[in-house]
Amino acid sequence: MDDELKSALEEGEKVLWEGKPENFITLDNTNKKPFIMKVVITAVVCIALIVAYCAATIPLDNFKPALPIVIAAFGILIASGTFLDARKLRRQRYYITDRRLIWISDSTRSVPYETIQEYLFSRDEDDHMTLLVGVDAVKKKSHKWRSMAAGSVFMNDDTGVCEQAVFYAIPRAEQFKKIFEEQLQKHQK
C-alpha cells in the first residue's frame, strides 16, 4: 500500500477494490465532436474579441498587444482542457473501501456511502463504463463525464448529499459494481 493511500484511509478502513481508468483515446467517438465544436466556438469568440479590440484601439492610436495575446492564451487554455482532463484521469487511482469511494490523483477525494442518494452506471459511445453519482452527474451527457471525473466532488453543505462525483472508464466494471452496490446497501439501511 502506498503512502498516499495510507494517509487517505481512516483508522480501520479496509480497501475492497482498487483500479485505475481503462486505457482510452483522448479524442474518441464520445469526445471528438464536442472538442471540435468547443475549439471552433472558442476560436470564433477569441477572434471576434481581438478584431473588436483592434478596431476600437488602432484608430485612436491606443493599441496594446498584451490584450490580444491574453485573449489568445485564454482561448488556447480553454481548447486544451480536453487534453488536460484526459492526462489527469490517466493518473487517477480508484478505491472502494468499506466506508466510501476514494479517488487519488493530484489530490484525494472521497464520497461516503451515506451521502449517495442517486447514482447511475452507464457506458459511453466507446463502451467505457462510468459511475455517475448525484443528481447533477446522472443528467450529464457522456462527453462531459471526463471533465467531471477530473474535477471536484460536489457535496451539498445543507443536506450532506453528494450532487456530483464520477468514476470514469472503470476497469473490471462488473466486479466494481457488485462491491459498490453491496457496500451502498449496507450503509443506507
Side-chain angles (χ1 to χ4, degrees), residues 19-94 101 103-111 118-159 161-171 173:
K20 61 181 191 164
E22 297 174 316
N23 290 332
F24 59 87
I25 298 168
T26 302
L27 295 179
D28 57 11
N29 293 330
T30 306
N31 295 283
K32 189 174 187 173
K33 186 177 177 183
F35 170 76
I36 291 169
M37 293 295 294
K38 180 168 53 170
V39 167
V40 168
I41 291 169
T42 301
V44 168
V45 169
C46 288
I47 290 168
L49 289 171
I50 292 170
V51 167
Y53 173 74
C54 291
T57 58
I58 290 175
L60 301 173
D61 205 25
N62 194 21
F63 177 79
K64 307 279 189 253
L67 187 60
I69 291 170
V70 169
I71 291 170
F74 274 117
I76 291 168
L77 184 62
I78 290 168
S80 67
T82 300
F83 293 96
L84 296 173
D85 289 343
R87 182 173 173 235
K88 186 174 182 180
L89 281 171
R90 286 184 178 103
R91 293 188 313 232
Q92 277 188 354
R93 290 172 296 156
Y94 301 148
L101 299 172
W103 298 253
I104 297 179
S105 184
D106 298 337
S107 62
T108 300
R109 299 170 287 152
S110 67
V111 177
E118 187 172 349
Y119 73 92
L120 174 68
F121 281 94
S122 191
R123 291 191 180 274
D124 64 12
E125 292 84 350
D126 295 282
D127 204 34
H128 296 295
M129 178 65 81
T130 299
L131 170 61
L132 306 161
V133 176
V135 66
D136 292 343
V138 299
K139 295 178 183 177
K140 298 289 184 184
K141 295 188 185 231
S142 59
H143 70 273
K144 302 269 187 190
W145 296 351
R146 282 190 197 163
S147 62
M148 292 186 320
S152 297
V153 170
F154 295 108
M155 303 289 277
N156 185 314
D157 292 332
D158 296 331
T159 63
V161 172
C162 179
E163 293 182 345
Q164 179 179 297
V166 177
F167 269 64
Y168 177 75
I170 300 167

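Judged purely by distance below 3.5 Å, without hydrogens or angles, the side chains of T26 and R90 pair a donor atom with an acceptor atom. For the 3.5 Å distance criterion, the side chains of S105 and Q92 fail to qualify, holding no donor opposite an acceptor.
Atom NZ of K20 sits in a sparse spot, with 12 or fewer heavy atoms from other residues, nucleotides or ligands closer than 6.0 Å. For I25, the CD1 atom sits in a loose shell: 12 or fewer heavy atoms of surrounding residues, nucleotides or ligands are nearer than 6.0 Å. In D106, the CG atom is crowded: over 12 heavy atoms of neighbouring residues, nucleotides or ligands sit closer than 6.0 Å. Within a 6.0 Å sphere centred on CG of N23, heavy atoms belonging to other residues, nucleotides or ligands number 12 at most. More than 12 heavy atoms of other residues, nucleotides or ligands lie within 6.0 Å of CZ in R123, so this atom counts as buried by the packing criterion. The environment of K88 atom NZ is dense: over 12 non-hydrogen atoms of other residues, nucleotides or ligands sit within 6.0 angstrom. For CZ of F63, the number of neighbouring non-hydrogen atoms (other residues, nucleotides, ligands) closer than 6.0 Å is greater than 12.
At a threshold of 4.0 Å, the pair R146-D28 counts as salt-bridged, since one of the basic side-chain nitrogens sits closer than that to a carboxylate oxygen.
Residues H143 and F35 have side chains not in contact (no heavy-atom distance under 4.5 Å, counting atoms from C-beta outward). Residues D126 and F24 fail the side-chain proximity criterion, which asks for heavy atoms closer than 4.5 Å. V133 is not listed as a side-chain neighbour of F167, based on a closest heavy-atom distance of 4.5 Å or more. In this structure, W103 and V153 have side chains that are in contact, with non-hydrogen atoms separated by less than 4.5 Å. Side-chain atoms of T30 and W145, non-hydrogen and from C-beta on, never get closer than 4.5 Å to each other. Contact annotation: the side chain of L67 never approaches that of T57 to less than 4.5 Å [non-hydrogen atoms, C-beta and beyond].
For the pair Y53 (side chain) and K64 (backbone), a donor-acceptor distance under 3.5 Å is present. Of the possible donor and acceptor atoms, one in the side chain of Y94 sits under 3.5 Å from a partner among the backbone N and O of Y168. Using modelled atom types, one side-chain atom of S147 and one backbone atom of K144 make a donor-acceptor pair closer than 3.5 Å.
When every heavy atom of A149 is checked against every heavy atom of L89, the shortest pair comes out as CB-CD2, 3.5 Å.
Note: L49 CG to C54 SG = 11.0 Å, rounded to the nearest 0.5 Å. The distance from atom CE of M129 to atom CD1 of I170, rounded to the nearest 0.5 Å, is 7.0 Å. To the nearest 0.5 Å, the span separating CG on D136 from CG on N156 amounts to 9.5 Å.
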